[in-house]
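What follows is a single structure, written as structure tokens, with notes after it.
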Amino acid sequence: MPDYVEINDLLLRTIIGINPEERVNRQDVVINIRMEADNRPAAASDDIEDAVNYRTISKQVIELVEGSSFLLVERMAERIAAICLEDERVTRAHVRVEKPGAVRFARSVGVSIERSRDDHPDLSPPA
């Protein structure tokens, strides 16, 4: 049974979308990340060096999203998954990116993706 490290409801503002007004006005996006990792080494050692550091990953995601101007949420989700998988302890990344209020009468719209190290062969294999 896998272990998970989660980042829930990360609310950021960015340029995202294909419509002209979306290319100039920042919009809210809500990001949820679920990373599969073996948390037993960190649980045994109580040492941050043995853990997936969600603070570091959050900072990288914030930097990516706030500095980006993607056309599609699919591309944003893919890049976020790649950031998660850069940590060799993470074996799979589940990413959901939502745009609140993007569609009338809907709370939000978004995409969910799941990626593994096999989907990113440019990453070094886990030790």
Open item on the list: Check for me, please, whether Tyr4 and Val52 land in the same ILVMFWY cluster - side-chain distances under 4.5 Å, paths through other members count.
Closed with: no

Task: Side chains of Val65 and Ile80 in contact at under 4.5 Å (non-hydrogen atoms) - done: yes

TODO: Tell me, please, which residues at least two apart from Glu86 pass salt bridge (Lys or Arg N to Asp or Glu O under 4.0 Å).
DONE: none

Open item on the list: When you measure from the side chain of Glu74 to the backbone of Val111, do you find a donor-acceptor pair of N or O atoms at a distance under 3.5 Å?
Closed with: no

- [ ] If a pair satisfies salt bridge (charged side-chain N to carboxylate O under 4.0 Å, His left out) and one of its residues is in residues 37-57, list it, with sequence neighbours excluded.
- [x] Asp38-Arg40

TODO: Taking atom CD of Glu63 as the centre, report whether more than 12 heavy atoms of other residues, nucleotides or ligands fall under 6.0 Å from it.
DONE: no

TODO: Test Val61 against every option in Ile7, Thr56, Val95, Ile31 by the side chain to side chain contact (heavy atoms under 4.5 Å, CB included) rule and name the one that passes.
DONE: Ile31

Task: CD on Glu98 to CG on Asp28, rounded to 0.5 Å - done: 11.5 Å

Open item on the list: I'd like to know if the side chain of Arg26 reaches the main chain of Arg13, judged simply by a donor and an acceptor atom lying under 3.5 Å from each other, with no hydrogens or angles considered.
Closed with: yes

Open item on the list: For Arg115, give me all partners under side-chain contact (heavy atoms from CB on, under 4.5 Å), at least two apart in sequence or on another chain.
Closed with: Glu78, Ala81, Leu85, Ile113, Asp119, His120

Task: Test item: Thr14 side-chain N/O and Ser68 main-chain N/O as donor-acceptor pair under 3.5 Å - done: yes

Task: Spacing of Asp87 atom CG and Met35 atom CE [to the nearest 0.5 Å] - done: 8.0 Å

Task: same_hphob_cluster(Val29, Leu64) at 4.5 Å side-chain heavy-atom cutoff - done: yes

Open item on the list: In the structure I gave you, are the side-chain heavy atoms of Glu88 and Arg117 within less than 4.5 Å of one another anywhere?
Closed with: yes

TODO: Spell out, as yes or no, whether a donor-acceptor pair under 3.5 Å connects the side chain of Arg23 to the backbone of Ile15.
DONE: no

Open item on the list: More than 12 heavy atoms of other residues, nucleotides or ligands under 6.0 Å from CG of Leu11: yes or no?
Closed with: yes

TODO: Just jot down the salt bridge (Lys or Arg N to Asp or Glu O under 4.0 Å) partners of Arg79, sequence neighbours excluded, or say none.
DONE: none

Open item on the list: Using every non-hydrogen atom in the two residues, find where Pro100 and Ser108 come nearest and quote the distance to one decimal.
Closed with: CA-CB, 3.7 Å

Open item on the list: To the closest 0.5 Å, what do you measure between CD1 (Ile33) and CG (Asp9)?
Closed with: 11.0 Å

Open item on the list: Run Ile18 and Leu72 through side chain to side chain contact (heavy atoms under 4.5 Å, CB included) and show every step you take.
Closed with: CA-CA 7 Å; Ile18 59 170; Leu72 301 175; 4.3 Å; yes

- [ ] List the atom of Gly110, the atom of Arg96, and the distance in Å for their closest heavy-atom pair.
- [x] C-NH1, 3.9 Å

TODO: Report the residues that fulfil salt bridge (Lys or Arg N to Asp or Glu O under 4.0 Å) with Asp3, sequence neighbours left out, ordered by chain and then residue number.
DONE: none

Task: Path from Val73 to Leu12 over hydrophobic side-chain contacts below 4.5 Å - done: yes

Task: With sequence neighbours excluded, residues passing salt bridge (Lys or Arg N to Asp or Glu O under 4.0 Å) with Glu36 - done: none

Open item on the list: Hydrophobic cluster membership, with links at side-chain heavy-atom distances under 4.5 Å among I/L/V/M/F/W/Y: are Ile62 and Ile83 in one?
Closed with: yes

Task: Interatomic distance, Ser69 atom OG to Met76 atom CE [nearest 0.5 angstrom] - done: 9.0 Å

Open item on the list: As an exercise, state the distance from CD of Glu22 to NZ of Lys99, rounded to the nearest 0.5 Å.
Closed with: 4.0 Å

